[in-house]
Amino acid sequence: MDWITVIFSMVASACLTLAAVHYLVWFRQRDAWANLMFALLVTSTAGMAAIELAMAREVSAVAYGQWLRWCHVPVWGVFVSLVGFIHFYYRVGRPWLAWLSCGLRTLVLVVNFLTPVNFNYVTISAVKRVEFLGGQASVAVGEPSAWSRFGQFSLVVLLAFVADVCVSEWRRGKRRTVLLVGVSTLFIGITAVVHVHLVLAGSVQTPVMASVFFLGMVAMIGYELSSRLVQAHGLSQQLQQNERQLRLSEERLSLATKAASIGVWSLDKKSLTYWVAPSTLALFGEFHGKDLSLEHVLSRMHAGDRSKVRQTLEQALEVARLFRVEYRMLSADGSVRWFLSVGRSQANEKGGIIGLTGVTLEITDHKLVENDLLQKKALLEAIFDSVPGMIYLYNAEGRLLRWNKNFEFLTGYTYDELRNVHVAQWFDGADLERMTREWERVFTAGQATVELDLIVKGGRKVPYLFTGVRVEMAGKPHMIGIGIDMSEQRRIESEVTHQREQLAHFSRVASLGELSGSLAHELNQPLGIILSNAQAAQSLLAHDPPDLAEVSDILADIVSADCRAGDVIKRLRALLERGKTTRQPVDINENVQEVLRLTRSDLIEHDITVSLKLEDPLPQVLADRVQVQQVLLNLIVNARDAMEGTPHEDRVLTLTSAKEGDHVHLTVQDRGCGLPADVDQIFKPFHTSKANGLGMGLAICRKLVTAHEGRLWAEPNADGGATFHVLFPALKGAV
């Protein structure tokens, strides 16, 4: 036996052995179509090896041509089975290339049997014996057929199909398979075709050995499939181990679900009946031995939840999806229990939905807590929205995040218009600057309060008192606060101020009424001087000639007396005028002097000696001049009245002024009847010790001083009488 026989016999034997193995695999696993295609491939290769061996031994030209004709049958089998293997193994590739390759090769096979000799030769004139591997083999000598190029084109289409599959698999990351099977198929296929073409063309003096080349391709594909078989065996063992672990896991799951009160179930789409684990029956407690159809289970649900659950299950049975649904179940005793079911659609290997699987958990306690929280949240929301003012929440960037209903009502903006409004949009001018300073204070000092004019919808400004407190939310600083409309308060304050001014005016009129006698004397004295001087001037003017120098002196006295009377009237007019409060820098010492000039006659009439101890220079105060004079006038008149019972020689009124820190301190001291035990009661409205007094003087004086951010109080003297103290803030920068 020579080497030619050995080689072709070994190729055929190896191929048939592999074919037997993979036929057996397909027989036991009918869906292993790749193994069947491979078995057909190696069977065809074995057929090629047998025919090529016969051709190598043939010496007759006619018989050689017939063997070559029949060789196209296993070649066709190799083509079709290779295409089938690639299709079933890779599941990729362009189908039209596969069909075109198989169609062209089938056409080659048909033409092969319709030609006189065969597909490759028009005529075979002789068979030539050549030396090969130490023996002799037959090689055809004849005229090649033009159809052979068509056969080569069919091979090109096949190789294009294989190359397309290799590219697709390479992109999917399966590079080992591409290199092992795809590239080897391309290389070996091209090598075999080139060899056969050269042999039939007479360029190479060797027998046709395509099957020997195909054996390399068969070996590569067989190795890949064998690796899959080994992997399948390993997976089988792993599956057995997994099954054991699964049974153990099922036991553990059963214990866990029972301990956690979780039910496991599945719903069959065709019968619409449930399979439930024993733990699930124990969870519901009322379905033992009863109908577990979907309708029966739905009938035990709360009427308000049935349609929702039915719709959820029907949707999951139609379109694959995950689902989650909460519902209530009615117990036999009428109590309601809450459950949560979570599941997913279950599909078969074709993708069709065959049912549902899921778990169920009782959430009654959770629902009770949740409902309680919802009620509390609703209560807080109601309280939040019922607050008469604004409530707001801003982030550190100044964006409005949350607000109450009143915020919308008071500003005139809708919910959508208020979303993410910046805090700076509510203010302008000086208010915007103040807001910016207070905003920074909130995030540095922790809180702030400021009164600003808020610009509401339409551009109208409304006075508001705003508060802000820094809070931490989600690890970031925020500001929460309230806004209170100050319009009504400002109106009330304006009315109170107006009423206070009226009371102050009435008090001044009353005080001046008490001084009417002395004021009349203050006016009568300069008027008498004017009258007597005028009469003297008339007498002098009647002389012939008149004494004009003396008349001039008399007229000067008249002007002086008139100015004195004018000053008295001017001071009275200032005190009697009802004007608005106007604060300006005021010299306390000058005011003391003016009030003393107004009351000089009255004090002299009552034998009161005035002692002045005024510090000079004295800082000015920011005050209303008339109101300061009113306070001084009231205190001096009260001191006068308090010394009615004091001996004339002891009637001394002492007025002092001095600077004390940032304030100006004024005192009015008398030697009168003193103060009651409860000193503060003299500052209460309608408290009086006078027979015809209203009891409003000191009360009004305290309000006036307090409005100037000062203090008014009284203290008894050690040697009798009382001292009234008035403290005003000194004007900053004043000397």
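Between Y392 and F466, the two ring planes are tilted [angle within 30° to 60°]. Between W26 and W33, the angle of the ring planes lies from 30° to 60°, which puts this pair in the tilted group. Y415 and W403 have tilted rings, their planes meeting at an angle from 30° to 60° on a 0 to 90° scale.
Applying side chain to side chain contact (heavy atoms under 4.5 Å, CB included) to V309 and the options L294, L298, V297 leaves one that passes, L298.
Across every non-hydrogen atom of L340 and E326, the tightest pair is CD1-CG, 3.7 Å. What you find for I391 and N404 is that their closest heavy atoms are N-OD1, 3.1 Å. Taking every heavy atom of both residues into account, E438 and T449 meet most closely at OE1-O, 4.0 Å. Residues L418 and W426 come closest through the heavy atom pair CD2-CH2, 3.6 Å. What you find for F323 and A316 is that their closest heavy atoms are CD2-CB, 3.7 Å. Across all their heavy atoms, G84 and M37 have their closest contact at C-CG, 3.5 Å.
Of the possible polar contacts, one joining the R30 side chain to the F27 backbone as a donor-acceptor pair under 3.5 Å is found. A distance-only check finds no donor-acceptor pair linking the side chain of Y464 to the backbone of E451 [under 3.5 Å]. In this structure, H422 contributes its side chain and E397 its backbone to a donor-acceptor pair below 3.5 Å. A donor-acceptor distance shorter than 3.5 angstrom exists from the side chain of T364 to the backbone of W338, with no hydrogens or angles considered. With hydrogens and angles ignored, the 3.5 Å screen pairs no side-chain donor or acceptor of S101 with any backbone N or O of L97. With D431 contributing its side chain and D453 its backbone, the two residues share a donor-acceptor pair below 3.5 Å. Checked by atom type and distance alone, the side chain of D305 never pairs as donor or acceptor with a backbone atom of M329 at under 3.5 Å. Checked by atom type and distance alone, the side chain of N406 never pairs as donor or acceptor with a backbone atom of F409 at under 3.5 Å.
Summarising the geometry, atom CG belonging to L356 is positioned 9.0 Å from atom OG belonging to S266; distances are rounded to the nearest 0.5 Å. How far OG of S345 is from CG of L267: 10.5 Å, rounded to the nearest 0.5 Å. Atom OG1 of T467 and atom CD1 of I484 lie 7.0 Å apart (nearest 0.5 Å). We find the CD-OG1 distance between E417 and T411 to be 8.5 Å, quoted to the nearest 0.5 Å. The OG1 atom of T273 lies 13.0 Å from the NE2 atom of H296; values are rounded to the nearest 0.5 Å. One finds the CZ atom of R337 at 10.5 Å from the OH atom of Y327 (value rounded to the nearest 0.5 Å).
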Task: Test log, rule side-chain contact (heavy atoms from CB on, under 4.5 Å), inputs E370 and I363 - done: CA-CA 10 Å; E370 181 181 338; I363 57 171; over 6 Å; no

- [ ] Could you please spell out the steps behind the side-chain contact (heavy atoms from CB on, under 4.5 Å) verdict for L104 and F79?
- [x] CA-CA 10 Å; L104 291 174; F79 261 73; over 6 Å; no

- [ ] Check step by step if side-chain contact (heavy atoms from CB on, under 4.5 Å) holds for R105 and V75.
- [x] CA-CA 9 Å; R105 199 65 211 183; V75 171; 3.5 Å; yes

Task: Working for side chain to side chain donor-acceptor pair (under 3.5 Å), residues S341 and T360 - done: CA-CA 4 Å; S341 288; T360 296; 2.8 Å; yes

Open item on the list: Could you walk me through whether V83 and W99 satisfy the side-chain contact (heavy atoms from CB on, under 4.5 Å) test, starting with their C-alpha distance in whole Å, then the side-chain angles of each, then the deciding distance to 0.1 Å, before giving a yes or no?
Closed with: CA-CA 9 Å; V83 171; W99 286 107; over 6 Å; no

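The side-chain heavy atoms of R306 and E295, taken from C-beta on, include no pair separated by under 4.5 Å. Counting heavy atoms from C-beta outward, K269 and I354 have side chains that stay 4.5 Å or more apart.
Few gaps surround CZ on R321; more than 12 heavy atoms of other groups in view lie less than 6.0 Å from it. Counted within 6.0 Å of CZ on R344, heavy atoms from surrounding residues, nucleotides or ligands total 12 or fewer; the atom is thus considered open.
For residues 466-476, the pairs satisfying salt bridge (Lys or Arg N to Asp or Glu O under 4.0 Å) are R470-E472, with sequence neighbours left out.
Under the 4.0 Å criterion applied to side-chain N and carboxylate O atoms, E362 and K367 are not assigned as salt-bridge partners.
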